[in-house]
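A quick write-up on the structure given underneath.
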Amino acid sequence: ESKLQLVCLQDYEEHASKILPPFVLDFYRGGADQEQTLRDNREAFKRWRLMPRVLRGVENRSMATTALGYSVSAPLGIAPTAMQKMAHEDGELATARAAFSEGLVYVLSTVATSTIEEIAAAAPRGNNWFQLYIYKDRQVTVDMVRRAEQANFKALVVTVDTVLLGRRLATERNELSDSGSSTSNTFVSSLFDPSLTWKDIAWLKSITKMPIVVKGILRPDDAELAVQYGVAAIAVSNHGGRQLDGVQATIDALPAIVKQVNGRCEVYVDGGIMQGTDILKALALGARMVFTGRPILWGLAHSGEAGIVNVIRLLKKELDLAMALSGCSTVTDIDRSLVVHQGFFSN
Ligand code: FNR
C-alpha cells in the first residue's frame with residue numbers, strides 16, 4: 001500500500017525482482033555457472049577507493065562528452081540486452097526513446113524483440129548503434145549491416161565473447177521444469193559462428209564504412225590486436241558475467257587495456273555499474289564511457305520509457321554529485337589519481 005519510493009538503482013532491481021515473472025527475472029538477472037564473475041563485477045568497484053580533491057570551484061559542472069565523435073550528455077550508454085519486450089510491452093522502442101530524450105548512446109541487440117527499422121522510426125534522430133553477432137551465414141550478417149546503415153545507425157558493436165552461449169543455470173532449470181516458457185537464446189546462438197577469427201573483423205571492416213566497436217575484450221594483447229585491425233573502440237566487457245565464469249571483473253581488467261591502447265582508439269567498459277561513483281571510478285581508470293545493461297531492464301520493467309528515464313536520471317544525478325564532491329567540473333578533470341586500489345593500503 002505505501003507507495004514504493006525508488007531512489008537508487010538497487011531499489012529498481014528490488015522492485016523488478018518482485019514484479020517480473022520468475023523465468024524472466026532469472027534470464028535478465030542471471031550469470032554463467034556459479035556467477036562468480038557476475039558478483040565480482042560489482043564487488044570489484046568497491047575495492048577501488050576515491051581520493052577526492054577539494055576547493056576546486058565546482059559550481060559550474062558538465063558531464064557532457066563525445067563517443068565516436070558524437071556529442072552525448074553523459075559518459076553513459078545503454079548496453080545491448082536481448083528480448084526487452086519480456087520486461088515491458090514497449091521493449092526496445094521505449095529504451096531507444098529514453099536514450100534519445102536523455103542524450104545517450106543506445107545499442108540495439110541482434111537478439112531483439114523489435115526490428116532495426118522500428119528503432120529508427122521510434123528514435124530517428126537518436127545516437128543508435130547496432131550490436132552485431134557474426135552469423136555462420138555471412139549473407140545474413142551482410143543484410144543486417146546494410147539495414148543498420150540504411151536506418152542511419154552510427155556504429156556496429158561486434159560482440160566477440162559469445163562464440164558459444166554460456167550456461168545460465170537458472171534458465172536451464174526453468175526449461176527442464178514443465179513451465180514451457182523458454183527464454184533461452186539457444187536457437188539464435190546456434191546461428192553464431194564459432195569459427196570467428198580476427199580476419200572476420202577485417203572482413204567486416206571491408207564491407208562497411210560504419211565505425212566498429214569490438215565488445216568483449218579482457219586482455220591487453222587482444223586490445224592491441226583490435227587496434228591493429230583498425231577498430232574505432234574497444235568495449236571491455238565480460239557480458240555481464242553471462243559467458244565465461246571466473247574471468248576478471250571488468251573494472252579490474254580496464255587499466256591494463258587503457259595503458260596498452262594508449263589513446264589509439266576509444267575504450268569503454270560495462271559490467272556492474274550500479275551508482276554514479278562507479279562511473280567516476282571507471283573514467284578515472286581511463287574509460288571514455290561506461291555502458292549499463294540490467295539496470296535499464298529494471299527501469300523498463302517498472303514503467304517503460306519513463307522508468308528508464310528515471311534510472312538514467314538517477315545515475316546522472318549521482319555522477320554529478322560524485323564529480324562535485326571530488327573536485328571535478330568536467331569529465332576531463334577526472335584523472336587516474338582519483339582512485340586507489342585497496343591492495344595498495346590494506347597490507
Ligand atoms: C546481455 N548482454 C548482451 N550483450 C550483447 O552483446 N548482446 C546481447 O544480445 C546481450 N544480451 C544480454 C541480455 C541480458 C538479459 C543481459 C543482462 C546482458 C550483455 C550486455 O550488453 C552487457 O555487457 C552487460 O549487461 C553489462 O553488465 P550489467 O550492466 O548488466 O551489469
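Just so we're clear, the structure is a prediction, and the values are computed from it rather than from any experiment. Atoms within a ligand are numbered from 1 in the order they appear, just like the ligands themselves.
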- [ ] Compare P80, G293, G240 and give the one whose heavy atom is closest to atom 2 (N) of ligand 1.
- [x] P80
- [ ] Tell me which part of H239 gets within contact of ligand 1: side chain, backbone, both or neither, using heavy atoms under 4.0 Å.
- [x] both
Open item on the list: I'd like to check the side-chain contact (heavy atoms from CB on, under 4.5 Å) partners of P21; sequence neighbours left out, ordered by chain and number.
Closed with: F23, V24
- [ ] Classify the side-chain pair W298/D11 by whether it contains a donor and acceptor separated by less than 3.5 Å.
- [x] no
Open item on the list: Would T159 count as being in polar contact with ligand 1, using the rule that some N or O on each side must be under 3.5 angstrom apart?
Closed with: yes
Task: Polar proximity ligand 1 side, R242 side, N/O cut 3.5 Å exclusive - done: no
TODO: Using a strict cut-off of 4.0 Å, indicate which atoms of ligand 1 neighbour a heavy atom of G271.
DONE: 26 (C), 27 (O), 31 (O)
Task: Side-chain donor/acceptor of T66 to backbone N/O of S71, under 3.5 Å - done: no
TODO: Classify the contact between R29 and ligand 1 as side chain, backbone, both or neither, using a heavy-atom distance cut-off of under 4.0 Å.
DONE: neither
Task: Test of proximity, T110 against ligand 1: N or O pairs below 3.5 Å - done: no
Open item on the list: When you compare ligand 1 with R294, is there at least one nitrogen or oxygen pair between them that comes in under 3.5 angstrom?
Closed with: yes
Open item on the list: Give the atom numbers and elements of ligand 1 that come within less than 4.0 Å of a heavy atom of S109.
Closed with: 8 (C), 9 (O)
Open item on the list: Taking distance alone, with N or O pairs closer than 3.5 Å, would you say V111 contacts ligand 1?
Closed with: no
Open item on the list: Under 4.0 Å between a side-chain nitrogen and a carboxylate oxygen: does that hold for D193 and R138?
Closed with: yes
Task: Numbering as shown, the atoms of ligand 1 that approach A79 to under 4.0 Å (heavy-atom distance) - done: 21 (O), 22 (C)
Open item on the list: G272 versus ligand 1: do any nitrogen or oxygen atoms come within less than 3.5 Å of each other?
Closed with: yes
Open item on the list: Just to be sure I read this right, does ligand 1 sit under 4.0 Å from the backbone of A82, its side chain, both, or neither, counting only heavy atoms?
Closed with: both
Open item on the list: To the nearest 0.5 Å, what is the distance between CZ on R294 and CG on L300?
Closed with: 15.0 Å
Task: Test item: side-chain donor near acceptor, N238 and T250, under 3.5 Å - done: no
Task: Polar contact flag, side-chain donor to acceptor under 3.5 angstrom, E149-T208 - done: yes
